[in-house]
Amino acid sequence: MIEHRHVRVTEVGPRDGLQNESVIVPVSDKIAFVDALSEAGFPEIETTSFVSPKWVPQLADAAEVMAGIAREASTAYSVLCPNLRGAEAALAAGADKISIFTSASEGFCRRNLNASIDESIDRFRPVVSLAREASIPLRGYVSCVVRCPYDGEVDPEAVLATVRRLLDLVDDGIEIALGETLGVADPDQIEAVLDEVASVVPVSEIDLHLHDTKGLALACVDRALQCGVRAFDSSCGGLGGCPFAPGASGNLATEALLERLETGGWTTGVDRAAVSRAATIASRITGRA
Ligand code: HMG
Ligand code: MG
């Protein structure tokens, strides 16, 4: 039997990338970036976040961005929501999918959401209800799956505990995304986390969200593929990072991920030339090389 070697790539540059820029990128530039990415055929583009503008002023224009983009029917435009207020605004803006986000470590959860892990889960309950009423799919991020900038090493069992909390929250399923927030993991550490989480989520259904501070993200992708992962996040131009995770650098670059996957014989349905054109826009609007 011929194995169908397909990987799902979610582009997170407009959200994870632009949340971390020191300058605030104008709305029209953000829209141009998302529109260029839409031409590449991603199944999903994480477009913005409906979070507090006091915490992340870079994305205070979320509703305007959502209203201005030209949507491709085959692409889901997903957004991050930390609470009910964010979810209501996201639905009003026509988000196709909502991502809630918490952590495997208390230190990062507190800095990122001003809440304990327990409190963050409680805040998500009405978000989940709203999403279900609107038939909107959900993703649940677990950050700091290997290391936390505040608490240090994170045990895979702590990752499993937070994954269980998210699964308990949503009766009919939530996509689990494991965030290696600091970009410092090696392949053995990624495999250890996947092994642990595989007891409750099939590995083929886990999404892996890698940052690339140490330059090991592609090696982690190779190992994750061997373990059975078939969904990755990446960021056009390698933009990215979290304002509440000091020391973290950009996400795994989409261009590098696509090249690695194609070389390995994996299909993604994403047009690399269109990603390159979007990267030129990313570079222009952020002033980064
Ligand atoms: P808080 O200060 O505890 O809550 O923040 P609050 O309820 O007191 O709200 C503060 C102010 O924000 C209030 O305004 C609220 O109304 C307003 P004021 O009354 O003072 O004028 N507010 C909002 N405004 C718009 N939209 C909202 C909203 N909520 C409150 N949804 C809160 C708590 C959760 C709101 C805050 O901590 C927050 O927004 N955090 C978001 C942090 C964030 O976006 N981090 C980056 C994304 S996570 C990430 O990058 C990791 C990831 O990539 C995976 C990985 O790499 O690991 C996903
Ligand atoms: Mg991230």
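Side chains are part of it too, since the values below use all heavy atoms of this structure and drop only hydrogens, waters and symmetry mates. Atoms within a ligand are numbered from 1 in the order they appear, just like the ligands themselves.
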For [atom], grab the closest protein heavy atom and report residue, atom and distance to one decimal in Å.
| atom | result |
| --- | --- |
| atom 52 (C) of ligand 1 | Arg15 NH2, 3.7 Å |
| atom 55 (C) of ligand 1 | Ser143 OG, 3.4 Å |
| atom 11 (C) of ligand 1 | Ser52 OG, 3.7 Å |

Less than 4.0 Å from [atom], is there any heavy atom belonging to the protein?
| atom | value |
| --- | --- |
| atom 34 (C) of ligand 1 | yes |
| atom 16 (O) of ligand 1 | yes |
| atom 8 (O) of ligand 1 | no |
| atom 24 (N) of ligand 1 | yes |
| atom 40 (N) of ligand 1 | yes |

*What is the distance from atom CD of Glu11 to atom CG of Leu37, rounded to the nearest 0.5 Å?*
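Nearest 0.5 Å value for the CD-CG distance: 4.5 Å.
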Do any N/O atoms on [X] end up under 3.5 angstrom from N/O atoms on ligand 1?
| X | value |
| --- | --- |
| Tyr141 | no |
| Gly86 | yes |
| Arg85 | yes |
| Arg123 | no |
| Leu80 | no |

*Is Asp16 close enough that one of its N/O/S atoms sits under 2.8 Å from the Mg ion (ligand 2)?*
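Of the N, O and S atoms in Asp16, at least one lies under 2.8 Å from the Mg ion (ligand 2), which means yes.
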*Do any of the N, O or S atoms of Cys242 sit under 2.8 Å from the Mg ion (ligand 2)?*
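No, Cys242 does not qualify, because none of its backbone or side-chain N, O or S atoms lies under 2.8 Å.
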Does the pair [X]/[Y] count as a salt bridge with the N-to-O cut at 4.0 Å?
| X | Y | result |
| --- | --- | --- |
| Arg132 | Asp171 | no |
| Asp222 | Arg260 | yes |
| Glu157 | Arg164 | no |

*asked:* Counting only heavy atoms closer than 4.0 Å, does ligand 1 sit against the backbone of Pro82, its side chain, both, or neither?
replied: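 Only the side chain of Pro82 comes within reach of ligand 1.
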*Mode of Val51 contact toward ligand 1 - side chain, backbone, both, neither (heavy atoms, under 4.0 Å)*: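 The answer is both.
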*Nearest atoms (heavy-atom pairs only) where Leu252 meets Ala217*: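 Taking every non-hydrogen atom into account, CD1-CB, 4.0 Å.
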*What pair of heavy atoms forms the shortest contact from Leu18 to Gln58, and how long is it?*
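Leu18 and Gln58 have their closest heavy atoms at O-CB, 3.4 Å.
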*Measure the shortest side-chain to side-chain distance between Pro243 and Asn20 over non-hydrogen atoms and say whether it is less than 4.5 angstrom.*
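Answer yes - side chains close enough.
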*Are the side chains of His6 and Arg230 in touch, meaning some heavy atoms are under 4.5 Å apart?*
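They are not in contact (no side-chain heavy atoms under 4.5 Å apart), so the answer is no.
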*Looking at Ile45, Thr48, Val25, Val79, which hits side chain to side chain contact (heavy atoms under 4.5 Å, CB included) with Pro14?*
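Answer after filtering Ile45, Thr48, Val25, Val79: Ile45.
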*asked:* Applying the side chain to side chain contact (heavy atoms under 4.5 Å, CB included) criterion to Ile174, which one of Val128, Val163, Ile100 satisfies it?
replied: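 Of the listed options, the one satisfying the test is Ile100.
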*With Asp233 as reference, evaluate Arg8, Arg15, Arg139 under the salt bridge (charged side-chain N to carboxylate O under 4.0 Å, His left out) test and give the passing residue.*
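Among Arg8, Arg15, Arg139, the one meeting salt bridge (charged side-chain N to carboxylate O under 4.0 Å, His left out) with Asp233 is Arg139.
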*Ring geometry between Phe124 and Phe101 (parallel below 30°, tilted from 30 to 60°, perpendicular above 60°)*: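 Aromatic pair Phe101/Phe124 classed tilted.
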Given [options], which has its nearest heavy atom closest to [atom]?
| atom | options | answer |
| --- | --- | --- |
| atom 14 (O) of ligand 1 | Lys54, Glu88, Arg111 | Lys54 |
| atom 3 (O) of ligand 1 | Thr181, Leu113, Asn114 | Asn114 |
| atom 1 (P) of ligand 1 | Phe101, Phe108, Trp55, Phe50 | Trp55 |
| atom 29 (N) of ligand 1 | Val12, Asn112, Leu182, Asn83 | Asn83 |

_Closest His209 atom to the Mg ion (ligand 2) [N, O or S only]_ =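 Looking at His209, the N, O or S atom with the least distance to the Mg ion (ligand 2) is NE2.
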_If you apply the rule side-chain contact (heavy atoms from CB on, under 4.5 Å), what do you find for Arg272 with Glu262, and how did you get there?_
CA-CA 10 Å; Arg272 284 172 64 192; Glu262 280 180 29; 3.0 Å; yes
*Can you tell me if Ser49 has a non-hydrogen atom under 4.0 Å from ligand 1?*
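No, that is not the case, since the closest heavy atom of the residue is not under 4.0 Å from the ligand.
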*Any sub-3.5 Å donor-acceptor pair from Thr75's side-chain atoms to Phe42's backbone N or O?*
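Judged by distance alone, yes, a pair lies under 3.5 Å.
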